[in-house]
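All of these numbers come straight from a predicted model, not from anything done at the bench. In what follows, chains carry the letters A, B, and so on, assigned in the order in which the sequence lines appear, proteins first and then strands, with residues in each chain numbered from 1.
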2 protein chains.
Amino acid sequence: MNANLADDALYRIDMMQVSASDDPSPCLGLGLAAAPPFDAGAREALKRIARQHEPVPPGSRLHEAGEPFTAIHAVRSGAVKTVRRDASGEERIVAFHLPGEFFGLSAIADGHYATSAVTLTTTAVCSLPGQHLFRLACEHAGLQRQLMRLLSGAIRTEQGQYAALAGHNAEVRLAFVLDQLRARMNHPAHAGATLRLPMTRAELGSSVGLAAETTSRLFHRFTDRGLIEARGRRITFLDPLALHHLGAPASAAEASAAAARAADHLPVVDSTCS
Amino acid sequence: MNANLADDALYRIDMMQVSASDDPSPCLGLGLAAAPPFDAGAREALKRIARQHEPVPPGSRLHEAGEPFTAIHAVRSGAVKTVRRDASGEERIVAFHLPGEFFGLSAIADGHYATSAVTLTTTAVCSLPGQHLFRLACEHAGLQRQLMRLLSGAIRTEQGQYAALAGHNAEVRLAFVLDQLRARMNHPAHAGATLRLPMTRAELGSSVGLAAETTSRLFHRFTDRGLIEARGRRITFLDPLALHHLGAPASAAEASAAAARAADHLPVVDSTCS
DNA sequence: CGGGCCGTTGACTAGATTCAAACGCGGTGG
DNA sequence: CCACCGCGTTTGAATCTAGTCAACGGCCCG
């Protein structure tokens with residue numbers, strides 16, 4: 001069926017991204033998402049300023065909200081959560097970060113980290129000191145471009161999460177985040193293999209605004225329907241496609257025929273003010 | 001009281017930001033948030049590539065999700081909403097954009113707009129074509145830096161919205177968004193002046209995942225408590241401080257004494273790999 | 001003057017949180 | 001090797017919040 005083909009293509013892309021990010025030092029690829037037009041010089045220079053950290057135990061705090069910005073970080077192995085403490089003292093999870101993904105990007109704006117970063121499992125990260133990175137970006141256009149893409153991609157991801165959260169019920173929200181995790185954890189779309197979640201039910205729920213109990217109940221429901229099989233943190237995706245479609249309402253619909261529209265329907269008053 | 005002083009300072013900053021963004025062409029200041037270390041050359045060059053568009057009527061679609069990326073946009077006057085259409089065909093509001101604010105930033109990542117942008121009122125925008133902007137950023141370090149800050153700031157804003165949405169009830173969510181709007185619309189913190197919201201109840205609610213009816217009921221409740229006074233889109237903030245505190249649980253708590261911590265508690269394995 | 005959109009209000013319902021208690025599992029120490 | 005302890009998870013029951021459906025009123029614009 002047509003829908004199946006489209007879905008397969010989607011998942012293949014996911015897998016490529018993740019397998020590419022198996023690179024032990026994502027800092028050197030800078031997120032690599034799309035085009036990697038890196039001249040060798042830029043990559044070499046990145047290598048010089050990148051700091052490779054050795055693994056730290058679960059629960060380690062990598063940076064705290066409010067601390068002055070020093071560097072952006074990427075996960076080499078393991079998993080990290082970024083959290084915000086709200087006025088009532090509760091800790092709310094902003095995002096999870098898996099191998100190959102960057103965090104701490106929101107600190108560039110005003111020179112202070114907006115979130116705290118905590119490791120969920122034994123985790124190794126690498127970091128790119130801001131000062132050096134920005135200097136380098138001045139010299140290498142490709143690097144600058146890729147850095148912009150990285151930041152822009154983070155905005156897009158946040159927007160997606162936000163849209164997923166707003167106006168969808170618990171079931172869709174959890175399906176969405178589980179599907180996301182599966183895709184990002186280098187897990188094939190076809191049924192079968194098992195994988196170990198790095199976070200608790202409470203954390204998983206908190207990341208989409210659900211109570212731990214609700215999350216547990218939904219796990220049960222998904223199991224009943226044959227979508228997944230879960231024992232503790234071990235989860236098996238029995239029907240990843242169904243799970244994906246369940247969470248799909250939260251994803252943006254593809255704009256099909258938007259190409260035809262020209263971009264100049266805004267009247268230009270003063271285009272090249274001398 | 002101490003709390004009052006702190007709040008006053010907060011609001012004063014808000015006002016300064018907005019009054020500064022009264023600049024008819026925010027593109028030339030590039031968001032201006034923090035430090036503006038713009039050499040005159042950069043500003044002059046920005047002026048050359050910036051396009052100033054004349055006002056368009058409400059409901060105009062500025063760009064569609066899926067269209068190829070051409071430029072980033074900023075609001076000069078009026079208001080814009082960015083929306084996503086989800087799989088069930090429903091339109092979900094991602095954000096509102098008021099004068100001085102940029103939108104379309106998430107399109108840089110993969111060269112396609114992730115959202116559609118629609119004007120809420122008669123609105124004038126200006127735009128910075130991506131190609132020219134990136135070329136310029138290569139030549140002017142200050143501009144590059146400011147562009148990064150702009151993108152990073154957008155990430156932070158999204159994270160804040162996200163945290164506000166997750167795990168807070170309708171009352172807090174609406175108070176949060178109202179307080180945000182008041183602050184961004186150049187509206188003084190002290191009680192009094194009236195301002196005209198550019199969006200409907202349904203849009204306001206949708207932006208924080210609420211039904212239009214719920215939004216209306218909350219307006220009523222806030223009015224009963226003497227926080228606001230609303231007739232249609234005209235809203236008067238009778239007790240902005242109380243409203244701010246009501247929505248505050250959604251804001252990140254200030255990390256008070258985070259300065260003491262050093263940033264090098266991560267063991268460095270390979271800092272300058274030759 | 002008419003019509004449509006926006007806003008309001010009420011009643012009902014479904015869904016998610018909360019409180020409470022029990023269970024399983026992995027770890028540690030005896 | 002086994003007993004014990006603690007955390008994370010599960011399950012149940014009650015509560016309540018917010019969504020939905022429906023109808024009405026009002027405002028603005030044509």
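Put simply, CZ on A/R196 is 13 Å from P on C/dC25, counting in whole angstrom units. Whole-Å rounding puts the A/R221 CZ to C/dA14 C1' distance at 11 Å. Remark: C1' of D/dG8 and CG of A/L120 are 15 Å apart, rounded to the nearest angstrom. Spacing between atom CZ of A/F219 and atom P of D/dT10 amounts to 8 Å, rounded to whole angstrom units. Atom NE2 of A/H168 and atom C1' of D/dT20 are 17 Å apart (whole Å). Distance, A/F222 CZ to D/dT10 C1': 16 Å, rounded to whole Å. The distance from atom CZ of A/R234 to atom C1' of C/dG24 is 17 Å, rounded to the nearest whole Å. A straight line from CD of B/E203 to P of C/dC5 spans 14 Å, rounded to a whole angstrom.
Checked by distance alone, B/E213 brings a side-chain donor or acceptor within 3.5 Å of a matching partner on the base of D/dC21. A donor-acceptor contact under 3.5 angstrom links the side-chain atoms of B/R217 to the base of C/dG10.
For A/T214, the listed nucleotide lying nearest its side chain is C/dA16; candidates were C/dT9, C/dA16, D/dG19. When distances run from any side-chain atom of B/R201 to the nucleotides D/dT10, C/dT8, D/dT11, the shortest one goes to C/dT8. Closest contact between the side chain of B/N169 and the listed nucleotides D/dA18, C/dA16, D/dT9 involves D/dA18.
Comparing B/T200 and A/L210 along DNA chain C, the residue whose closest nucleotide (by nearest heavy atom) sits nearer the 5' end is B/T200.
A heavy-atom distance below 4.5 Å is not found between the side chains of A/E91 and A/R84.
Between B/H63 and B/H73, the ring planes are parallel. Angles under 30° get that label, and only those over 60° would be called perpendicular.
Checking A/T236 against A/T194 by side-chain atom types alone, a donor-acceptor pair falls below 3.5 Å.
Put simply, B/H220 has no side-chain N or O that comes within less than 4.0 Å of OP1 or OP2 on C/dT8.
Taking 4.0 Å as the cut-off between side-chain N and carboxylate O, B/E171 and B/R217 do not count as a salt-bridged pair.
Among the protein residues, B/G167 comes within range of no part of the nucleic acid, since none of its heavy atoms lies under 4.0 Å from any strand.
Distance check: B/S77 OG to B/L98 CG gives 11.5 Å after rounding to the nearest 0.5 Å.
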